[in-house]
Amino acid sequence: MAGSRRPAEVLSQRAVNRALLARQMLLDRLPLPAGPGRAAQVVQIVEHLVGLQAQAPFPPYFGLHSRLDGFRPDDLAALITDRSVVRIALMRGTIHLVSARDCLPLRRLVQPVIERGMRGAFGKQLAGVDPGTLAAAGRSLVESEPMTFSQLGQALAARWPDYAPAALAQGVRAYVPLVQVPPRAVWGQAGQSLHTSAEHWLGQRPPSVEPAYPVRAATRVELAQLVTRYLGAFGPATVRDVQAWSGLTGLKAVLEQLRPSLVSFRDEQGAELFDLPTAPRPGGEAPAPARLVAEFDNLVLSHAERSRVISAEATRRLSTINGVIPGSVLIDGFVAGMWRLARSRDMATVTIEMFGPARERDALIAEAERVLTFAAPGAAHDIRFGPLITSS
């Protein structure tokens, strides 16, 4: 019939898995070259991944190490110190490590997500407080001196004594793009979570005619660019997948706008998958090496339908009561266990807990030794298979 569409090609679960792993550099690691372009390439990878989830200070180091050959801790530590990358609340309201170039543009796009989360948790406690006034007061404080949230809340309470300090501080976190400053998240160092504004830290002041708050709403073009970047790092994907990753709603219209420039498929359940025409889709028979993926890695957190990489049973095993997502073990492209690194003065141990028989044991030992050489080159190394010792 004239005008009818051809039925969309069905991608098997394994084909979707391999496409995701290829874009995440977990099929073939990218070699990191020596020389003056090395730092720029690390930043480029961070941007390709649209950031790395970073609730804890150090998982991004292991996330990059799992994807890059030759990556060293100093490669990221130097970028944090020289302000080429920052840690800030972004997609889903969680802390991500992103490039300086991406920081403020991404924050503007997901600002509705940040504010929605704040209203759900602290909205009633801040009833009657003008957001613009609170934002200006908080910005002035953290730009004078980086502060912990506790310090910020106590300082704000001097002006708003009838409001909970914690709620005031979280209001500023929502209305002002706050970054965590070094030495927090610098390899080999420790420090409190001290915050200042992204504009102050990066020297990226908006034009004086543009108010700092409220944040300018994202345009349809900007949202389309965000969706396109997501597909480049996490596709093929459904509308629900993009929304689960970003926390944004109403993206179906954006994907419909993009449809002429995309290709579409169906998954085995019949859901429509959108993708970039030239993005890698190596096919379900492509080999997938064993990998040890970082804690909180976006690989396992960035889709509404996660079966492309982790089963429902494995998700239950991987999730812990205190909200920590441990490192995950990939066998044949899918999560088959979890792992943890423990360090003492003279010993570093990787413990691997498999959810079934320990397949590809030699390959996992090699991956664990690779992690130990990266994270603890001067310590004695131990590799164990058995239950993880969970933190209390």
Inset, instruction - Start with the C-alpha gap between F265 and R281, add the side-chain angles, then the distance that decides, and say whether side-chain contact (heavy atoms from CB on, under 4.5 Å) holds. - result: CA-CA 12 Å; F265 305 92; R281 289 182 293 275; 3.5 Å; yes
Legend entry - Ring geometry between F149 and H195 (parallel below 30°, tilted from 30 to 60°, perpendicular above 60°): parallel
Inset, instruction - Determine which pairs satisfy salt bridge (charged side-chain N to carboxylate O under 4.0 Å, His left out) with at least one residue from residues 158-178, sequence neighbours left out, and list them in order. - result: none
Inset, instruction - May I ask you to decide if the ring planes of W187 and F58 are parallel, tilted or perpendicular, using 30° and 60° as cut-offs? - result: perpendicular
Legend entry - Within-4.5 Å side-chain heavy-atom neighbours: Q170 and Q125: no
Inset, instruction - Kindly give the heavy-atom pair with the smallest separation between I45 and L64, and that separation in Å. - result: CG2-CD2, 4.0 Å
Legend entry - Main-chain N/O of R316 paired with S319 side-chain donor or acceptor, under 3.5 Å: no
Legend entry - Side chain to side chain, N298 and R92, heavy atoms closer than 4.5 Å: yes
Inset, instruction - Work out which heavy atom in G333 is nearest to a heavy atom in L21; give both atom names and the distance. - result: CA-CD1, 3.5 Å
Legend entry - S140 side chain to A136 backbone, donor-acceptor under 3.5 Å: no
Inset, instruction - Determine whether L226 and L106 make a side-chain contact, defined as any pair of heavy atoms from C-beta on separated by less than 4.5 Å. - result: yes
Legend entry - side-chain hydrogen bond (donor to acceptor under 3.5 Å, both in side chains) evaluation trace for E143 with S197: CA-CA 6 Å; E143 290 183 355; S197 75; 2.6 Å; yes
Legend entry - Closest non-hydrogen atom pair, Y175 against Q111: CA-NE2, 4.2 Å
Legend entry - Exceeds 12 heavy-atom contacts within 6.0 angstrom, atom CD of E222: yes
Inset, instruction - List the steps and the verdict of side-chain contact (heavy atoms from CB on, under 4.5 Å) for E305 and T238. - result: CA-CA 9 Å; E305 177 50 71; T238 65; 5.9 Å; no
Legend entry - Aromatic ring pairing Y230/F234, orientation class (parallel under 30°, perpendicular over 60°, tilted between): parallel
Inset, instruction - Verify the distance criterion only: is there a donor paired with an acceptor across the side chains of S193 and R184 at less than 3.5 Å? - result: yes
Inset, instruction - Quickly, which of V98, L97, L90 forms a side chain to side chain contact (heavy atoms under 4.5 Å, CB included) with C103? Name it, please. - result: V98
Inset, instruction - Evaluate the criterion side-chain contact (heavy atoms from CB on, under 4.5 Å) for residue pair H65 and R370; output intermediate values, then yes/no. - result: CA-CA 9 Å; H65 174 253; R370 185 175 181 272; 3.0 Å; yes
Legend entry - Atom of L141, atom of A155 and distance for their closest heavy-atom approach: CD1-CB, 3.8 Å
Legend entry - Test log, rule ring-ring contact (aromatic ring centres under 6.0 Å, His included), inputs F374 and F62: CA-CA 9 Å; F374 167 77; F62 293 93; 5.7 Å; yes
Legend entry - salt bridge (charged side-chain N to carboxylate O under 4.0 Å, His left out) between E256 and K252, worked out: CA-CA 6 Å; E256 287 298 332; K252 182 177 180 179; 5.7 Å; no
Legend entry - Sole residue of V172, L194, I88 in side chain to side chain contact (heavy atoms under 4.5 Å, CB included) with L178: V172
Inset, instruction - Please check if the side chain of R29 supplies one atom and the backbone of S66 the other of a donor-acceptor pair under 3.5 Å. - result: yes
Inset, instruction - Determine whether more than 12 heavy atoms belonging to other residues, nucleotides or ligands lie under 6.0 Å from atom CG of D82. - result: yes
Legend entry - For the student: nearest non-hydrogen atoms of G283 and R18, plus distance: O-CG, 3.2 Å
Inset, instruction - Would you please say whether a donor-acceptor pair under 3.5 Å links the side chains of S99 and E47? - result: yes
Inset, instruction - Applying side chain to side chain contact (heavy atoms under 4.5 Å, CB included), name anything that partners R345, two or more places apart in sequence or on another chain. - result: none
Inset, instruction - Please determine, by modelled atom types, if S311 and E313 share a side-chain donor-acceptor pair under 3.5 angstrom. - result: no
Legend entry - Donor-acceptor pair, side chain of S302 and main chain of W245, under 3.5 angstrom: no
Inset, instruction - State whether the side chain of R23 and the backbone N or O of L231 hold a donor-acceptor pair below 3.5 Å, judged by distance alone. - result: yes
Inset, instruction - May I ask you to decide if G247's main-chain N or O and R116's side chain share a donor-acceptor pair within less than 3.5 Å? - result: yes
Legend entry - By side chain to side chain contact (heavy atoms under 4.5 Å, CB included) - contacts of A121 (at least two apart): none
Legend entry - Within 6.0 Å of CZ in R101, more than 12 heavy atoms from elsewhere: no
Inset, instruction - Identify the residue among V179, V42, L79, D102 that makes a side chain to side chain contact (heavy atoms under 4.5 Å, CB included) with V85. - result: L79
Legend entry - Contact summary for M354 and R317, nearest pair of heavy atoms: O-NH2, 4.0 Å
